[in-house]
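Here's the structure we're looking at; comments come further down.
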Amino acid sequence: MIKVGIVGGTGYTGVELLRLLAQHPDAQVEVITSRSEAGVAVADMYPNLRGHYDLEFTVPDTDALAACDVVFFATPHGVAHSLAGDILARGCRVIDLSADFRIRDPELWAEWYGQPHGAPALLNDAVYGLPETQREQIKSARLIAVPGCYPTAVQLAALPLLEAGLIRPEIVADCKSGVSGAGRGAKVGSLLCETSESVMAYGASGHRHLPEISQELNRGAGKDVALTFVPHLMPMIRGIHATIYADLLEGQNVDLQTLYENCYKDEPFVDVMPAGSHPATRSVRGVNMCRISLHRPQNGNKVVVLSVIDNLVKGASGQAIQNMNIMFGLEENAGLNQVGLMP
Ligand SMILES: NC(=O)C1=CN([C@@H]2O[C@H](COP(=O)(O)OP(=O)(O)OC[C@H]3O[C@@H](n4cnc5c(N)ncnc54)[C@H](OP(=O)(O)O)[C@@H]3O)[C@@H](O)[C@H]2O)C=CC1
Ligand SMILES: CC(=O)N[C@@H](CCC(=O)OP(=O)(O)O)C(=O)O
């Protein structure tokens, strides 16, 4: 059994880790931290976990965490910067769900996150944990930077076109998110009265996921890709819907459906739907899956790619467990075989 520690167990990604790990055949949660709920039983706080965990939240303690085989950080930005180095130095592996190690350039990170990078010396050890592009590096990694939710949906949709050099290096990513993407902390903007029956764009002139998505699209394309990224808050709890618009280069006659099907044929968590489908976020609720479909609007060289994920699963905790499975040589789908909820 792999011994798991979780820092930040009361947040939405923390409790999603607990939900998914409760059914993992090869992993057991030994330590789960919360400063505000220390001493409270996990099952008292989250009754959906009654019967699955006999564990209390404890304050973060690096000795207890480092005694685990792997520690997940489900914490706000900056926390892994201060704790991960000590835990790694004691031989434990770290999977960070925050953005602390996603951006290779510490100055760029500081610019977008409004604070100095707290652990630049660890950046060389960090592997960007998108299994569909980094599987080999993940196998031997000790520190994983789990991609952001929007970046996961956008990259899986756009990379096959960019890697094949079929489009102009210019992409528009129009994205929508459920409110759980904003975390569990109390904020006026997340209140029911503020979010229901309403749709709102935000960060249209610059969102912190822009440099992360750009970094990875540029890497896939082998050149700079001009990216326009606009996120929207939707009146739903979970889900990301990304619509990608791109221009095919003149004279390209490639069968895009076949390109995508071949690209993802061995990927357990990417579903290329029949051409012309319209994937809905509810089709991935609670499951570690990205569903993609391709469209060629008539009269033009546009290609539109639709991509949906659950922000808390393929966009965070499920993808984090997928990384753990790869790092520890387990079946990649161990503990990740859930079927989605309908309706
Ligand atoms: N929500 C989402 O859809 C996604 C979130 N992420 C990222 O995952 C991380 C967690 O997100 P989410 O679960 O939504 O966040 P929440 O705000 O819901 O939870 C944060 C958790 O971190 C703990 N925490 C806060 N500050 C500290 C600290 N200084 N030291 C130790 N623990 C701390 C909190 O518990 P306590 O204060 O009691 O210690 C709480 O359990 C964030 O970086 C987020 O950006 C990534 C992808 C998707
Ligand atoms: C709806 C909402 O507020 N979404 C969050 C992004 C979700 C997220 O968790 O971002 P990371 O993956 O980088 O941690 C936001 O826009 O900042």
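First listed ligand is number 1; within each ligand, the first listed atom is number 1. Because the structure is a prediction, the values reported are computed rather than measured.
- Linking ILVMFWY residues whenever their side-chain heavy atoms come closer than 4.5 Å, directly or via other members, leaves Tyr12 and Met234 in distinct clusters.
- Under a 3.5 Å cut-off, the side chain of Asn301 and the backbone N or O of Leu248 do form a donor-acceptor pair.
- Of the protein's heavy atoms, Thr13 OG1, 3.7 Å lies nearest to atom 12 (P) of ligand 1.
- Of the protein's heavy atoms, Gly181 O, 3.5 Å lies nearest to atom 9 (O) of ligand 2.
- Remark: ligand 2 atoms within the under-4.0 Å shell around heavy atoms of Gly178 are 1 (C).
- The shortest contact between atom 6 (C) of ligand 2 and any protein heavy atom is with Arg208 NH2, 3.7 Å.
- Pairing each heavy atom of Ala80 with each of Asp100, the nearest pair is N-OD2, 3.2 Å.
- Remark: the Gln319 side chain and the Thr152 side chain contain an N/O donor-acceptor pair separated by less than 3.5 Å.
- For ligand 2, the atoms closer than 4.0 angstrom to any heavy atom of Leu233 are 1 (C).
- Panel note: side chain Asp69, backbone Lys3; a donor-acceptor pair is recorded below 3.5 Å.
- With hydrogens left out, the protein atom closest to atom 23 (C) of ligand 1 is Gly8 CA, 3.7 Å, a heavy atom.
- Of all heavy-atom pairs spanning Tyr128 and Gln155, the tightest one is OH-NE2, 2.9 Å.
- The nearest protein atom to atom 19 (O) of ligand 1, hydrogens excluded, is given as Gly11 CA, 3.2 Å; this is a heavy-atom distance.
- For ligand 1, the polar-atom distance check finds an N/O of Arg35 within less than 3.5 Å of one of the ligand's N/O atoms.
- Here is the list of ligand 1 atoms found below 4.0 Å of a heavy atom in Gly9: 41 (O).
- Listed by atom number, the atoms of ligand 1 under 4.0 Å from Ser180 heavy atoms are 1 (N), 2 (C), 3 (O).
- Every N/O-N/O distance between Gly315 and ligand 1 stays at or above 3.5 Å.
- Against a heavy-atom cut-off of under 4.0 Å, Leu312 is close to the following atoms of ligand 1: 1 (N), 2 (C), 3 (O).
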Where do Val303 and Arg296 land on the side-chain contact (heavy atoms from CB on, under 4.5 Å) test, with the steps shown first? CA-CA 5 Å; Val303 53; Arg296 288 293 314 277; 4.1 Å; yes
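- With respect to atom 20 (C) of ligand 1, the closest heavy atom belonging to the protein is Ala74 O, 3.7 Å.
- Heavy-atom proximity to atom 9 (C) of ligand 1, evaluated over Thr75, Leu97, Val179, is greatest for Thr75.
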If you apply the rule side-chain contact (heavy atoms from CB on, under 4.5 Å), what do you find for Val94 with Arg142, and how did you get there? CA-CA 6 Å; Val94 167; Arg142 305 205 61 79; over 6 Å; no
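- Here the side chain of Thr33 pairs a donor or acceptor atom with the backbone of Gly8 at under 3.5 angstrom.
- Of the protein's non-hydrogen atoms, Val79 CG1, 3.6 Å is the one closest to atom 30 (N) of ligand 1.
- Shown in contact with His77 at under 4.0 Å from a heavy atom are these atoms of ligand 1, numbered in order with element: 43 (O), 45 (O).
- Judged by distance alone, with hydrogens and angles left aside, the side-chain atoms of Tyr53 form a donor-acceptor pair with the main-chain N or O of Leu18 at under 3.5 Å.
- The one candidate from Leu312, Ile309, Val179 that meets the side chain to side chain contact (heavy atoms under 4.5 Å, CB included) condition with Arg238 is Leu312.
- Which parts of ligand 1 touch Tyr12 is read off a 4.0 Å heavy-atom cut-off, strictly below it: atoms 13 (O), 18 (O).
- Residue Ala182 touches ligand 2 through backbone and side chain together, judged by heavy-atom distances below 4.0 Å.
- Annotation: His241 is not in aromatic contact with His232 [ring centroid separation under 6.0 Å not met].
- For ligand 1, the atoms lying closer than 4.0 Å to a non-hydrogen atom of Gly183 are 14 (O), 18 (O).
- His117 and Trp109 have perpendicular rings, their planes meeting at more than 60° on a 0 to 90° scale where under 30° would count as parallel.
- Side-chain atoms of Asp96 never come within 3.5 Å of backbone atoms of Ile144 as a donor-acceptor pair (strictly under, hydrogens ignored).
- Atoms of ligand 1 found under 4.0 Å from any heavy atom of Ser98, numbered from 1 in the order shown, are 43 (O).
- Under the side chain to side chain contact (heavy atoms under 4.5 Å, CB included) rule, Asn288 has a single partner from Ile321, Leu336, Asp310, Asn333, which is Leu336.
- Ring-plane geometry between Phe101 and His81 is classed as perpendicular, the angle between the planes exceeding 60 degrees on a 0 to 90 degree scale with a lower cut at 30.
- Nearest protein heavy-atom neighbour of atom 38 (O) of ligand 1: Ser36 OG, 2.5 Å.
- Considering backbone and side-chain N/O of Arg102, none are found under 3.5 Å from N/O of ligand 1.
- Among the atoms of Tyr202, some N or O lies under 3.5 angstrom from an N or O of ligand 2.
- By the 3.5 Å distance cut-off applied to N or O atoms, Tyr113 is not counted among the residues near ligand 2.
- Summarising the geometry of Ser317 relative to Leu20, their closest heavy-atom pair is C-CD1, 4.1 Å, with the distance given to 0.1 Å.
- With hydrogens and angles disregarded, a donor-acceptor distance shorter than 3.5 Å links the side chain of Ser307 to the backbone of Ala153.
- For the residues Gly315, Cys149, Ala316, Ser177, the heavy atom positioned nearest atom 8 (C) of ligand 2 is part of Cys149.
- Within ligand 1, counting atoms from 1 as listed, the ones closer than 4.0 Å to a heavy atom of Thr10 are 34 (C), 35 (O), 38 (O), 40 (C), 41 (O).
- Of all atoms in ligand 2, numbered sequentially from 1 with element shown, those under 4.0 Å from a heavy atom of Gly148 are 12 (O).
- Residue contact check for ligand 1: Gly148 places no non-hydrogen atom closer than 4.0 Å to it.
- Using modelled atom types, no side-chain atom of Tyr264 and backbone atom of Glu132 make a donor-acceptor pair closer than 3.5 Å.
- Of the options Gln115, Arg208, Arg102, a side chain to side chain donor-acceptor pair (under 3.5 Å) to His77 is made by Arg208 and by none of the others.
- Of all the heavy atoms of Val179, none lies under 4.0 Å from any atom of ligand 2, so neither backbone nor side chain is involved.
- For atom 25 (C) of ligand 1, the nearest non-hydrogen atom from the set Pro76, Ala316, Gly178 belongs to Pro76.
- By the 3.5 Å distance cut-off applied to N or O atoms, Glu212 is not counted among the residues near ligand 2.
- Residue contacts with ligand 2: Arg102 is placed with a nitrogen or oxygen under 3.5 Å of a nitrogen or oxygen of the ligand (distance criterion only).
- Closest to atom 3 (O) of ligand 1, if we only count protein heavy atoms, is Asn311 ND2, 2.8 Å.
- Around atom 16 (P) of ligand 1, the closest heavy atom drawn from Arg238, Arg184, His209, Lys314 belongs to Arg184.
- Among Lys176, His207, His77, His209, the residue whose heavy atom lies closest to atom 13 (O) of ligand 2 is His209.
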